[in-house]
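A quick write-up on the structure given underneath.
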Amino acid sequence: MCGIVGIVGKSNVNQALYDALTVLQHRGQDAAGIVTSHDGRLFLRKDNGLVRDVFHQRHMQRLVGHMGIGHVRYPTAGSSTSAEAQPFYVNSPYGITLAHNGNLTNVEQLAKEIYESDLRHVNTSSDSEVLLNVFAHELAQRGKLQPTEEDVFAAVIDVHNRCVGGYAVVAMITGYGIVGFRDPHGIRPIVFGQRHTDEGVEYMIASESVSLDVLGFTLIRDLAPGEAVYITEDGKLHTRQCAVAPKLTPCIFEHVYLARPDSIIDGVSVYKARLRMGEKLAEKILRERPEHDIDVVIPIPDTSRTAALELANHLGVKFREGFVKNRYIGRTFIMPGQAARKKSVRQKLNAIELEFRGKNVMLVDDSIVRGTTCKQIIQMAREAGAKNVYFCSAAPAVRYPNVYGIDMPSAHELIAHNRSTQDVADLIGADWLIYQDLPDLIEAVGGGKIKIEQFDCAVFDGKYVTGDVDEAYLNKIEQARNDSSKIKTQAVSAIIDLYNN
């Protein structure tokens, strides 16, 4: 999960890129980067940290140009070295920079091909740099001094033929334009829009529609799976379907947790999808526990608030804010390492005792992944005087790792892996636990005005839509993603960064 943005404007785009990245900050808090193009030269600033910490006035003043791309990074394999901050750059052909959200499942094969056949060098372990080199190689194969839109789309076609996985990409071809494209399954989101100024029409590509809204751009639409959009430096827009057999199977977890509620993804309002999740949860509670004694419904801020509100409405139970959130602590899901996550929960939330004292409380969260956070929150509710603590998850049980760009941990670190609902309830300390049913979640997200027939639900059902994920692959990513491996990686990264600085 990362955030990407690209803008072709009529004046300097540095401030607009910065503002867009702050809106997309929820998609990655590990690193940020912006690159702009002016008179055939590139101007780059990237580093570890939040957007507000990476870019100071002196950096912004150097980021000149009316065309640029940006990225906020979230490390899928736990590495947080600044060497892997994006955008990445290659000088041939033309000078190309690229930012990527997702994960390639055949990255080892591609890295070998790049070295042995394409004769290109990859300097990091990031699959984004691999993807950049594949795109650059395929564009170079056109053999043109000045690339046309046909050349750009032909290169994207070849990228789709070589790359497997989930990916949404923005790339800037220095002096020529910006291209955005989406994998043939449409797993990761990407949209584009426009705004009219006195100087002419400006275009923007981004991970979520909310970043367009905030900057005054009008959403044109989502990129279709396999589709590419190319905006030339002088503001001409071209689109092309570049995949042979595209099929929309977007990641359903975007609607559960990742995206902002004020975004629209593939024509579906994230906010309305979460309202429907709450409605479905209420219906399940009434089926399974018609004689429930819930006194109050309390969300675990912030992602679950929408579902919790609708759940309370349908149950006819009071909705209350029982936790106050410290806005200056990052999202615990994103923090690599269990120790950091455990430490941050108490710093992030504080209970309002009067909402818990002597009550049967239903806590609602968007999902349960490791169980670390909800276990501590349930304990906080009991310490605040709750008589009974019940727990609702707006998503089904997370039992399998994600391989398309979300840092779902290795299977044995998932609390629901090979465990029953009662087992999980016992482990987190809930008096009883309700999970959303997968068919209900699919209907909640895909059942609006825009019908989506199939989603990537692999974290819930273990069915990986790209068809290339087997037990050997899952074992390999487990070694890379388990917390002990991350601690070692972070230690090495810290030494590298210290040396470089």
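Keep in mind it's a predicted model, so treat the numbers as computed, not measured. Numbering of residues begins at 1 and proceeds along the displayed sequence.
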Worksheet item: Would you say Asp158 and Gln141 make side-chain contact, with heavy atoms under 4.5 Å?
Response: no
Worksheet item: Charged N to carboxylate O under 4.0 angstrom, Lys144 versus Glu150?
Response: no
Practice prompt. Using a 4.5 Å cut-off on heavy atoms from C-beta on, say whether the side chain of Cys242 contacts that of Phe181.
Written response: no
Discussion item. Once rounded to the nearest 0.5 Å, what's the spacing between atom CG of Asn133 and atom CD of Glu113?
Written reply: 12.5 Å
Discussion item. Minimum heavy-atom separation for Ala83 and Thr124, please, with both atom names.
Written reply: O-CG2, 3.6 Å
Discussion item. Less than 4.5 Å apart, side chain to side chain, heavy atoms only: is that true for Pro250 and Ile452?
Written reply: yes
Worksheet item: Roughly how far, to the nearest 0.5 Å, is CD1 of Ile187 from OG1 of Thr249?
Response: 5.5 Å
Worksheet entry | Val8 and Leu237, any side-chain heavy atoms less than 4.5 Å apart | no
Worksheet item: Can you tell me how far the CD1 atom of Ile34 sits from the CE atom of Met60, to the nearest 0.5 Å?
Response: 5.0 Å
Worksheet entry | Rounded distance [0.5 Å steps], CG in Asn14 versus CG in Leu63 | 6.0 Å
Item to complete: Test Phe455 against Leu438 for side-chain contact (heavy atoms from CB on, under 4.5 Å), laying out the working first.
Response: CA-CA 11 Å; Phe455 291 91; Leu438 184 55; over 6 Å; no
Item to complete: For Glu199, look at atom CD and say whether over 12 heavy atoms of other residues, nucleotides or ligands are found less than 6.0 Å away.
Response: yes
Worksheet item: When you measure from the side chain of Asn103 to the backbone N and O of Val403, does any donor-acceptor pair fall under 3.5 Å?
Response: yes
Item to complete: Identify the two heavy atoms, one from Ser128 and one from Leu98, that lie closest to each other, and give their separation to 0.1 Å.
Response: O-CD2, 3.7 Å
Discussion item. Rounded at 0.5 Å granularity, tell me how far CG in Asp30 sits from CD in Glu84.
Written reply: 9.5 Å
Item to complete: Give a yes or no answer on whether the side chain of Asp127 reaches the backbone of Val130 with a donor-acceptor pair at less than 3.5 Å.
Response: no
Discussion item. Treating His59 as the side-chain partner and His56 as the backbone partner, does any N or O pair qualify as donor plus acceptor under 3.5 Å?
Written reply: yes
Worksheet item: Side chains of His238 and Val152: does their closest heavy-atom pair fall under 4.5 Å?
Response: no
Item to complete: Not counting sequence neighbours, list each pair that qualifies as a ring-ring contact (aromatic ring centres under 6.0 Å, His included) and has a residue in residues 188-218.
Response: none
Worksheet entry | Distance, nearest 0.5 Å, that separates CG of Asp266 from CG of Asp222 | 4.5 Å
Practice prompt. Please confirm whether the backbone N or O of Leu223 pairs with a side-chain atom of Arg182, one donor and one acceptor, at under 3.5 Å?
Written response: yes
Discussion item. Looking at every heavy atom in both Val465 and His185, which two are closest together, and how far apart are they?
Written reply: O-CE1, 3.4 Å
Worksheet item: Do Val270 and Val210 come close enough that some side-chain heavy atom pair is under 4.5 Å?
Response: no
Worksheet item: Taking the six-membered ring for Trp, are Tyr230 and Phe153 parallel (under 30°), tilted (30 to 60°) or perpendicular (over 60°)?
Response: perpendicular
Discussion item. Could you tell me if Tyr167 and His160 have a donor-acceptor pair between their side chains, going purely by distance under 3.5 Å?
Written reply: yes
Worksheet item: Are more than 12 heavy atoms from other residues, nucleotides or ligands located less than 6.0 Å from atom NZ of Lys10?
Response: yes
Discussion item. Side chains of Leu414 and Val369, heavy atoms from C-beta outward: is any pair under 4.5 Å?
Written reply: yes
Fill in: Carboxylate-amine/guanidinium contact Glu149 Lys236, below 4.0 Å
no
Worksheet item: For Arg27 and Glu208, what are the C-alpha separation, side-chain angles and deciding distance, and is it a salt bridge (charged side-chain N to carboxylate O under 4.0 Å, His left out)?
Response: CA-CA 10 Å; Arg27 300 191 66 87; Glu208 294 186 33; 2.7 Å; yes
Worksheet entry | Backbone N/O of His100 and side chain of Gln86: donor-acceptor pair under 3.5 Å | yes
Practice prompt. State whether a side-chain donor-acceptor pair under 3.5 Å links Gln29 with Gln25.
Written response: no
Worksheet, complete the sentence: Shortest non-hydrogen pair, Ser126 vs Phe88, comes out as OG-CE1, 3.4 Å
Worksheet item: Take atom OH in Tyr89; do more than 12 heavy atoms of anything else shown fall under 6.0 Å from it?
Response: yes
Discussion item. Salt bridge (charged side-chain N to carboxylate O under 4.0 Å, His left out) for Glu202 and Arg195? Distances and angles first, verdict last.
Written reply: CA-CA 5 Å; Glu202 299 180 319; Arg195 70 179 177 187; 2.7 Å; yes
Worksheet item: If only atom types and distance count, is the side chain of Ser209 paired as donor or acceptor with the main-chain N or O of Ile264 below 3.5 Å?
Response: yes
Practice prompt. Using modelled atom types only, decide if a donor and an acceptor are shared between the side chain of Asn101 and the backbone of Ile4 within a distance under 3.5 Å.
Written response: no
Practice prompt. Specify the closest pair of heavy atoms between Thr239 and Glu227, including all atoms of both residues, with the distance to one decimal.
Written response: CB-OE2, 3.6 Å
Worksheet item: Under 3.5 Å, is there a donor-acceptor pair between the side chain of Arg274 and the main chain of Ser304?
Response: no
Practice prompt. List the atom of Val179, the atom of Ile205, and the distance in Å for their closest heavy-atom pair.
Written response: C-CD1, 4.4 Å
Practice prompt. Answer yes or no: is there a donor N or O on one side and an acceptor on the other, between the side chain of Gln241 and the main chain of Ala243, under 3.5 Å?
Written response: yes
Discussion item. Using modelled atom types and a 3.5 Å cut-off, is there a donor and acceptor pairing between side-chain atoms of Lys46 and backbone atoms of Ala31?
Written reply: no
Fill in: Residue pair Asp19 / Thr22, side-chain donor-acceptor N/O under 3.5 Å
no
Item to complete: For the pair Arg142 and Thr148, evaluate side-chain contact (heavy atoms from CB on, under 4.5 Å) and give the outcome as yes or no after the intermediate values.
Response: CA-CA 10 Å; Arg142 276 50 253 178; Thr148 66; over 6 Å; no
Practice prompt. Go through the steps to decide whether Arg62 and Arg45 satisfy the test side-chain contact (heavy atoms from CB on, under 4.5 Å), and finish with yes or no.
Written response: CA-CA 9 Å; Arg62 295 171 190 153; Arg45 167 62 181 170; over 6 Å; no
Worksheet item: Taking 4.0 angstrom as the limit, do Arg162 and Glu138 come out as a salt bridge?
Response: yes
Practice prompt. Determine whether Tyr94 and Thr174 make a side-chain contact, defined as any pair of heavy atoms from C-beta on separated by less than 4.5 Å.
Written response: no
Discussion item. Checking side-chain polar atoms at under 3.5 Å, does Tyr464 have a donor or acceptor matched by the opposite partner on Thr105?
Written reply: no
Fill in: Gln109 vs Val164, side-chain contact (heavy atoms from CB on, under 4.5 Å): CA-CA, chis, key distance, verdict
CA-CA 10 Å; Gln109 173 193 335; Val164 183; over 6 Å; no
